[in-house]
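All remarks here apply to the structure that follows.
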Amino acid sequence: MAESPIYNPSTPLADLAQSLRQAQRVVALTGAGVSAESGVPTFRGPGGLWRNHRPEDLATPQAFKRDPRLVWEWYDWRRGLIAKVSPNPGHRALADLEHLVPEFTLITQNVDGLHRLAGSRNVLEIHGSIWEVRCTGCGRVAEDRRVPLPLMPYCEACGALLRPNVVWFGEALDPARLQTAHEALRLAEIMLVAGTSGVVQPAASFALWAKESGARLVEINPDPTPLTPYCDWVFQGKSGEVLPALLAAMKTVPV
Ligand code: OAD
């Protein structure tokens, strides 16, 4: 039987595996595509959430002010969907990678919590978490895993309305988290970018910042993105297939 081309040391995958094994600092940026194989819909592209919903009706502070029940219904529906799914081999490979690289930072735009569930520890959830609520009155943030949520949910401490603790369009990212991400990007020798269309700022610029500071870039996505021309390695495939193959290849590299 012919050996899989993935394990041939002259393939780009083996070349990347070798470089990752030698690297001290690696960053990964993930987007909705990494959770697609778990059954979580992406935002753009076929079947994407923004195909049937307008972000300005559901994911802006103005939308919440105008119709908080509608926004909560949508988030409650997504929470119900995410509660039923599990991390896929792509999430698990990234969790594994954390053990093979001395300093590994995972920056995710995903709010679904699947990276942590897969075992990743050094995770920056720059768009927040769908499993956290934040009080619009006293600002208290709390984990809340109830599915379904009572609609509408109110703060136990002060009685004001709660909102999802996620970043909406037009809102700033948490400055401390952004600072930590910047630092990791500045020091990264290799940056993996998986499952993101690369069109939502500031995450869309992260790879270019890292490249300016000397990182080599890797893209894992079935489709090309605006970032593709800047990448040193491009794997046009699913993260749930490419990432486990990459981890398997890394484990065959002598250290
Ligand atoms: P998008 O929905 O914009 O892009 C998903 C990307 O995943 C696309 O480039 C797909 O080609 C790719 N993809 C699909 N299946 C894949 C698979 N199995 N493996 C790898 N890649 C796959 O999602 P994001 O880039 O995450 O923000 O979107 C960024 C932000 O826009 C989100 O965090 C969200 C959204 O509006 C907010 O809600 C603030």
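Numbering of ligands and ligand atoms starts at 1, following listing order. The residues of the chain are indexed from 1 along the displayed sequence. It should be emphasised that the depicted structure is a prediction, and the values quoted were computed from it without experimental measurement.
- The minimum heavy-atom distance between D112 and S35, with the atom names listed, is OD2-OG, 2.6 Å.
- Residues forming a side-chain hydrogen bond (donor to acceptor under 3.5 Å, both in side chains) with Q201 (at least two apart in sequence, or on another chain): S205.
- Shown here are the side-chain hydrogen bond (donor to acceptor under 3.5 Å, both in side chains) partners of E37, two or more places apart in sequence or in another chain: there are none.
- Put simply, L124 and V141 are part of two different groups of oily side chains (I, L, V, M, F, W, Y) that touch within less than 4.5 Å, one to the next.
- In this view, Q109 and T196 satisfy the side-chain hydrogen bond (donor to acceptor under 3.5 Å, both in side chains) rule, not counting sequence neighbours.
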Using a 3.5 Å cut-off on N/O to N/O, what pairs does ligand 1 make with the protein? A line per pair would be great.
unit_1, atom_1, unit_2, atom_2, d
ligand 1, 2 (O), F43, N, 2.7
ligand 1, 2 (O), R44, N, 2.8
ligand 1, 3 (O), R44, NH1, 2.6
ligand 1, 3 (O), S197, OG, 2.6
ligand 1, 4 (O), S197, N, 3.4
ligand 1, 7 (O), G195, O, 3.2
ligand 1, 9 (O), N221, ND2, 2.9
ligand 1, 11 (O), N221, OD1, 2.7
ligand 1, 11 (O), D223, OD2, 3.4
ligand 1, 18 (N), E37, OE2, 2.8
ligand 1, 19 (N), S239, N, 2.9
ligand 1, 19 (N), S239, OG, 3.2
ligand 1, 25 (O), T196, OG1, 2.6
ligand 1, 25 (O), S197, N, 2.9
ligand 1, 25 (O), S197, OG, 3.4
ligand 1, 26 (O), A32, N, 2.8
ligand 1, 28 (O), R44, NH1, 3.2
ligand 1, 31 (O), R44, NH1, 3.1
ligand 1, 31 (O), R44, NH2, 3.3
ligand 1, 33 (O), Q109, O, 3.3
ligand 1, 33 (O), H127, ND1, 2.8
ligand 1, 36 (O), W50, NE1, 2.9

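- Comment: D96 engages K251 in a salt bridge, judged by a side-chain N to carboxylate O separation of less than 4.0 angstrom.
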